[in-house]
Structures are given as structure tokens and as C-alpha cells.
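Worksheet: one structure, shown below.
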Amino acid sequence: MRKTCKIREEESRDMEAVLVLNQLAFGRDNESRLVERLRKTEAFVPELSLVAVRQQEIVGYILFTRIKIQGETSHESLALAPMAVHPEHQRAGIGRELIRAGLARAEDLGFDSVIVLGHPGYYPRFGFQRASRWGIRCPFDVPDEAFLALGLREGALRGKDGTVQYADPFYE
Ligand SMILES: CC(C)(COP(=O)(O)OP(=O)(O)OC[C@H]1O[C@@H](n2cnc3c(N)ncnc32)[C@H](O)[C@@H]1OP(=O)(O)O)[C@@H](O)C(=O)NCCC(=O)NCCS
């Protein structure tokens with residue numbers, strides 16, 4: 001069933017709810033701690049820290065942070081991580097709305113690509129394809145089909161081969 005929700009930029013008063021939401025969705029603290037740490041880095045882009053609100057309740061969250069694709073030269077890109085939807089509201093299209101809104105904002109802000117390490121059955125519906133197709137590598141040992149990339153403009157990923165460098169909290 002589709003549920004209507006509003007997607008907006010996270011505000012400081014939302015932070016506690018976002019923390020709890022990440023704990024609930026993932027069933028552990030790792031992702032909520034990651035978000036808290038990422039907020040303190042230069043990789044954090046406030047306009048790309050988004051919440052989904054339904055009946056005044058925060059039911060979803062998505063974060064995109066700056067990364068580099070380091071090859072012979074360095075290219076700026078974004079990592080989508082984490083994304084969480086409240087367990088009682090999953091499979092209702094909220095994740096889809098968060099991704100669509102996030103990608104549109106990323107494009108408006110001038111970013112030209114997004115990388116995600118995630119469910120290979122979920123992200124391709126938004127156009128993500130294996131990053132290895134463009135010679136983009138993950139610094140972690142992950143299955144090829146789970147490391148995905150999306151160009152936000154025609155040809156955006158062409159010639160951008162290299163290894164992704166995430167913000168420090170991803171390595172902690
Ligand atoms: C993944 C997640 C953010 C998706 O949000 P959502 O609002 O449920 O997603 P949507 O309603 O837009 O899309 C639902 C689709 O997501 C897919 N999906 C959801 N959870 C999935 C999972 N764990 N594995 C694979 N696919 C999944 C399904 O294909 C589902 O489609 P279906 O209903 O036709 O089966 C949400 O399930 C969640 O918070 N999960 C726990 C945290 C997590 O794993 N985050 C993602 C890290 S990459």
C-alpha cells in the first residue's frame with residue numbers, strides 16, 4: 001500500500017528521532033552512530049540529509065555524503081548511506097520517495113553521480129548499475145553486484161574509474 005509522506009531537509013530538532021529510526025530499521029547502533037559522526041565531517045551536505053514525515057512522525061531517513069573516486073585524477077561523487085524506513089512503514093514506497101527526492105536534490109546541487117553499497121535487488125530500479133562497469137572500485141571487500149553507481153547526467157561516469165574514498169567514519 002502506498003503511503004503519502006513529505007520529504008524535507010533534516011532539522012536539528014529531528015536528530016533524536018533520526019537516531020532512533022536508524023536503530024529501529026537496522027536493529028543495531030552502527031548506522032545511527034555513523035550518521036552522528038558523518039554530521040561532523042566536511043563530507044556532510046545538510047541539503048542531502050533528508051527525512052520522510054508522515055502525520056508529524058519521522059518515518060524515513062536518507063543521507064548522501066561527499067566521496068572521491070580516486071584514480072589517476074580525483075572525481076567528486078556522493079555515497080548514499082544510510083537509508084532507513086521505520087519497520088512499520090516499510091514496503092509502502094517511502095524509500096522510493098526518499099531516493100527520488102535525494103537524487104533530484106543532488107543533481108540540483110551540481111553533483112553528477114551517486115554510489116551505493118546496498119541490496120542489488122533494490123537500487124537498479126532507480127537506474128543504478130554495477131560500479132565495476134565504469135572501473136569504479138570499493139575500498140571494502142564486497143560482492144560486485146552490491147556496489148552500484150548512477151550517473152546523474154549523460155556520460156557522467158565515463159572515464160571516472162578509480163577507488164572510492166569515503167569519509168573517515170565509514171572506516172571506523
Ligand atoms: C531498504 C529500505 C530502506 C527500503 O525502504 P522501503 O520504504 O521499504 O522501500 P520501498 O517501499 O520504496 O520499496 C519496497 C521494495 O524494497 C525492496 N526491499 C525492501 N527491503 C529489502 C531488503 N531487505 N532486501 C531487498 N529488497 C528490499 C523490496 O523489493 C520491496 O519491493 P516489494 O514490496 O515489491 O517486495 C527499508 O526496507 C529499510 O529501512 N530496511 C532496513 C535498513 C536497510 O537495510 N537499509 C538499506 C541499506 S542499503
Side-chain angles (χ1 to χ4, degrees), residues 7-52 58 60-85 95 98-99 101-120 122-123 126 128-152 156-157 159-172:
I7 310 290
R8 64 163 171 79
E9 199 172 314
E10 177 196 38
E11 296 168 10
S12 48
R13 66 184 160 102
D14 304 321
M15 284 182 193
E16 182 62 29
V18 167
L19 188 140
V20 173
L21 173 70
N22 276 293
Q23 288 169 335
L24 271 176
F26 287 95
R28 58 183 198 181
D29 287 339
N30 304 36
E31 288 74 15
S32 52
R33 280 207 301 263
L34 175 65
V35 172
E36 303 280 286
R37 287 176 185 153
L38 284 168
R39 283 202 189 96
K40 297 179 189 141
T41 70
E42 289 184 359
F44 186 74
V45 184
E47 296 92 335
L48 295 176
S49 180
L50 305 177
V51 291
I58 291 188
Y61 178 69
I62 194 166
L63 177 63
F64 299 79
T65 49
R66 291 175 198 276
I67 54 169
K68 287 203 169 81
I69 305 172
Q70 188 66 50
E72 277 185 25
T73 50
S74 182
H75 306 284
E76 183 162 70
S77 181
L78 287 169
L80 188 178
M83 172 165 81
V85 172
L98 281 165
I99 292 180
L103 295 177
R105 274 181 171 236
E107 194 179 345
D108 287 349
L109 289 168
F111 291 96
D112 65 11
S113 63
V114 176
I115 306 282
V116 67
L117 174 56
H119 305 300
Y122 185 60
Y123 294 97
F126 305 99
F128 285 88
Q129 299 179 46
R130 289 177 188 222
S132 59
R133 191 189 144 171
W134 294 280
I136 300 169
R137 294 176 296 276
C138 183
F140 312 114
D141 187 18
V142 296
D144 191 59
E145 67 270 22
F147 191 60
L148 306 165
L150 172 72
L152 298 175
L157 289 165
K160 303 270 171 81
D161 58 297
T163 302
V164 167
Q165 286 182 354
Y166 289 97
D168 288 345
F170 281 98
Y171 302 91
E172 285 164 11

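Count residues from 1 along the sequence.
A 4.5 Å side-chain heavy-atom check between V164 and F147 finds at least one atom pair inside the cut-off. Side-chain contact between Y122 and I99 is present, with at least one heavy-atom pair separated by less than 4.5 Å. Taking the side chain as every heavy atom from C-beta outward, L98 and Y61 never approach each other to under 4.5 Å. At least one side-chain heavy atom of L63 sits under 4.5 Å from a side-chain heavy atom of S49. With contacts defined as side-chain heavy-atom distances shorter than 4.5 Å, the pair L80/Y123 qualifies. Two residues are said to be in side-chain contact when any heavy atoms from C-beta on lie closer than 4.5 Å; E47 and D108 fail this criterion.
Of all heavy-atom pairs spanning E9 and P46, the tightest one is CG-O, 3.2 Å. Closest of all the heavy-atom pairs between M83 and F26 is O-CZ, 3.4 Å. Smallest separation of non-hydrogen atoms from L38 and A81: CD1-O, 4.4 Å. Shortest non-hydrogen contact noted between A84 and A25 is CB-CB, 3.6 Å.
Between the CG atom in L157 and the CD1 atom in I136 there is a gap of 4.5 Å [rounded to 0.5 Å]. Here the straight-line distance linking atom CD of E31 with atom CG of L19 works out to 11.5 Å at 0.5 Å rounding. Between atom CG of residue L150 and atom CZ of residue F128 there is a gap of 4.5 Å, rounded to the nearest 0.5 Å. Distance NZ/K68 to CD/E76: 7.0 Å, rounded to 0.5 Å. Expressed to the nearest 0.5 Å, how far CZ of R39 lies from CG of L34 amounts to 10.5 Å.
In this structure a side-chain-to-backbone donor-acceptor pair under 3.5 Å is present from S77 to S113.
The list of side-chain hydrogen bond (donor to acceptor under 3.5 Å, both in side chains) pairs with a residue in residues 163-172, not counting sequence neighbours, reads R137-T163.
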Run the side-chain contact (heavy atoms from CB on, under 4.5 Å) test on F111 and R105 for me, step by step, so that the C-alpha distance in whole Å, both residues' side-chain angles and the decisive distance to 0.1 Å come before the verdict.
CA-CA 9 Å; F111 291 96; R105 274 181 171 236; over 6 Å; no

Going through the distances and angles, do I67 and I115 end up as a side-chain contact (heavy atoms from CB on, under 4.5 Å)?
CA-CA 9 Å; I67 54 169; I115 306 282; 3.6 Å; yes

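The side chain to side chain contact (heavy atoms under 4.5 Å, CB included) test with L21 is passed by exactly one of I58, V51, D14, V35: I58.
Environment of CD in E11: crowded, with over 12 heavy atoms of neighbouring residues, nucleotides or ligands closer than 6.0 Å.
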